Amino acid sequence: MSRLSTIASNGVSDFSQLRQFHAQIIHHSLHHHNYWIAALIAQCTRVRAPPAYARLLFESSRRPNVFVFTNMLKFHSQWGAHQDVISLFLQMQRHHHDDVDLDVKPDAFVYPILIKSAGKAAVSLHAHILKLGHACDRYVRNAIMDMYAKYGPIELARELFDEIPDRTAADWNSIVSGNWKWGHEAEACRLFDLMPEKNVISWTAMVSGYSKHGDMMNARKFFEEMPEKTVVSWNAMLSGYVQNGFMEEALRLFRNMVDVGIQPDETTWVTIISSCSARGDPRLAESLLGSLDQRQIRLNVFVKTALLDMYAKCGSIGTARRIFDEMGTYRNPVSWNAMISAYTKNGDLVSARELFSEMPERNVVSWNSMIAGYAQNGHSSIAIELFKQMITNEDSKPDEVTMVSVISACGHLGALELGKWVVNFITQNQINLSISGYNSLISMYSRCGSMEDAKRIFQQMPERDVVSYNSLITGFAAHGHGTEVVNLFFKMKDEGIEPDRITFIGVLTACSHAGLSEKGLQIFYSIRSPEVDHYACMVDLLGRAGKLEKAKKLVDMMPMKPHAGVFGALLNSSCIHKRVDLGEFAADKLFELEPENSGNYVLLSNIYASVGRWEDVEKVRETMRTRGVKKTTGCSWVEFGGKVHQFIVGDWSHERSREIYQILEEVGKKMRAAGYVADKSCVLRDIEEEEKEEMVGTHSEKLAVVFGLLVFDVGATVRVVKNLRICRDCHVAIKIISKLERREIIVRDNNRFHCFKDGVCSCRDYW
DNA sequence: GTCCAGACAC
């Protein structure tokens, strides 16, 4: 008996020792005694025993008392099983309610655990706890204050802190960490200096605070000055280096740590492993694993999850899955999520979805991984559908990460109506957006063709970074608003934000499309080290302006190897200016670089057609046939009633197709009556049977416009979204429809926008 | 006998 007591108070060191301990308790027939059950559960927490094991222990108690409950709560809390914590607490309350004499009244020991697990939701517990009078307990008091410090409003945490008459070190540490968390660096430092007694936790909080702010100089300074260090302090410093990308420093510190005799713990390993996955360096990881093996490190679920993630990021999805399968009952939501995102990053949405539906306990990250997976792999509609499921399910609340994916999906679909509904959802659910959230809104509005909204968001943002400017610049560039872009470019410099490569691409494209050659050249020369993409923009700019010799010269002078974009720009401008020689030169290079891209063949053929060299047109067509190059057919979308309707060439799948084609026929008659004759110079039109039709063909853009304007009354503006180039025939048709209907039609084509108004198109150079 | 503050994984 006394031996058992010794084990209980000293603790076991691993799971197998725990099982021996358990066996001895059974041997002494003590396994139904609450005292021993509580002790065993406490040891489960210590060695991170599997949840099923702890649950079995819990159920072996006929009448769990407050100790058994509390230890079980602690166990769940450590695993992050917050749902279990809450339901166990409710069970406790029920037991107490049913029989007041039973020793299960939730006490001051229970509330801190509950508050920690409930997170932000613990706000609703605050009043309840005050009523029970637990708020004067220093642990409970601290837990509540800490909750406000972590989840906000931090001001309330501060009020509570100021009211505490006998502040403990924990109270000071909570308020310091809270200030770091909310970005109040100066206040955190001020409070740290005011602290009557600083302990190792206070110092570690400062190291981690500076690290999270990217201030590694000060982080290191505090780390060096600490009077004592624990393994947690080392871990904080390590993770600071890793998160700020100082991998060499991290490894050096790690060796240093081992040298001074600090035993790395599981957190250390997780940090080191995740630094390998960030670098995508499987070799380093392998050698690390070797040392893990040598040290006989027992891999806990955290380490295993980090390993899983590392293998997935280094491209060994099979190994990742093996680890996942081996984890068995040790899996927690994070392991599931890591595996799901491994699949989505690999483009394997089927396997990801399968895991997602099998998961026992989904959290917001699971939904986010899945939604982002669809959004990033081009399945925008499914991403939005899943989001709608998420909000009906109500098991997890969407956060900013969710919303960024959903916003981006709306942008790719060009679904403005849906986008506005999403924005409304964000405000109604009080989801706080960071800079990157606002940036994604700017992108979304730009992609949906609503620059007024994009600009409004930009102006309303509390703070802007280079991505904010890039998003708006790229948007205006796509709409051909050159001067707006140039103004923004100078404004950002005034604000002290350095333009990056994306900025220059946006500005140069805008100059090119708006015919601002001089401005464009001037800006190009100001780039410190121009990259190949910038040269491509300049070739485009010079080419469009008709300075094809200069464009060709620039290609020859480039300090790096030109890529397809450079020759593509040259081919495109050769087409605009009917330059067969340069067109052939560019096309030759392109056929080598990307033989399967049909667009290049079409452009070359158009050049020949424009100068009447029909035998060469035929030759290009022959080449396409022998190489098996198929002209890509695009599809168009138009949004109506919160739904995105899709059309492809010659498509009859839409439920109102009959009506649409009938109206198209009538529009065609009107057009012919108005004197419009189909333009016969539209070449390669017989590559696809459908394109044989005259003016009133069945191209997707026409279907979309007719649907939007005439079948459904969408109002003044109909937005058509298409990501491939629209054909010349459709371009003309849309112009005519806009004139006949006296309405605005916005077409997104190849991520550029054309606004048709009363038969006039805003773009200058497209055809 | 239990509870709070600092580090890690998606």
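Below, chains carry the letters A, B, ... as their sequence lines are ordered, and counting in each starts from 1. Heavy atoms only: backbone and side chains are in, while hydrogens, waters and symmetry mates are out. Fair warning: this is a prediction, and the values are worked out from it, not measured in the lab.
Among the protein residues, A:Asn368 comes within range of no part of the nucleic acid, since none of its heavy atoms lies under 4.0 Å from any strand. In this structure, A:Lys212 reaches the sugar-phosphate backbone alone: every heavy-atom distance under 4.0 Å involves primed, P, OP1 or OP2 atoms, never a base. At a threshold of 4.0 angstrom between heavy atoms, the contacts of A:Thr230 include nucleobase atoms, whether or not backbone atoms are also involved. Heavy atoms of A:Tyr35 sit under 4.0 angstrom from at least one base atom. Contact annotation for A:Lys313: backbone-only contact, meaning every heavy-atom pair under 4.0 Å involves sugar-phosphate atoms and none involves a base. Within the nucleic acid shown, A:Lys116 comes within 4.0 Å of sugar-phosphate atoms alone, with no base atom in reach, counting heavy atoms only. Residue contacts shown for A:Lys150 are limited to sugar-phosphate atoms, with no base heavy atom under 4.0 Å away. Within 4.0 Å (heavy atoms only), A:Ala38 reaches at least one base atom of the nucleic acid. Counting non-hydrogen atoms under 4.0 angstrom, A:Ala143 reaches nothing in the nucleic acid. Here A:Asp265 lies in heavy-atom contact (under 4.0 Å) with a base. Looking at heavy-atom distances under 4.0 Å, A:Thr271 makes contact with sugar-phosphate atoms alone, never a base. Among the atoms of the strands shown, none is found under 4.0 Å from any heavy atom of A:Gln43. Across all strands, A:Asp171 comes closer than 4.0 Å to no nucleic acid atom at all (heavy-atom distances).
Aromatic rings from A:Trp172 and A:Phe192 are positioned such that their centres are separated by 6.0 Å or more. Centroid-to-centroid, the aromatic rings of A:Tyr210 and A:Phe222 come within less than 6.0 Å.
For residues 135-147 of chain A, the side-chain hydrogen bond (donor to acceptor under 3.5 Å, both in side chains) pairs, not counting sequence neighbours, are A:Arg141-A:Asp166, A:Arg141-A:Asp171, A:Asn142-A:Asp171, A:Asn142-A:Ser174, A:Asp146-A:Lys150, A:Asp146-A:Ser174.
A cation-pi arrangement is not found for A:Arg48 relative to A:Phe15, the charged atom failing to lie both closer than 6.0 Å to the ring centre and inside a 45° cone about the ring normal.
Between the side chains of A:Ser233 and A:Thr204, a donor-acceptor pair is found at a separation under 3.5 Å.
Legend: residues meeting salt bridge (Lys or Arg N to Asp or Glu O under 4.0 Å) with A:Glu400, ordered by chain and number and at least two apart, are absent.
With a heavy-atom cut-off of 4.0 Å to chain A, the contacted part of DNA chain B has its first and last nucleotide at B:dG1 to B:dC10.
Rounding to the nearest 0.5 angstrom, the gap separating the CE atom in A:Met92 from the CG atom in A:Asn65 is 8.5 Å.
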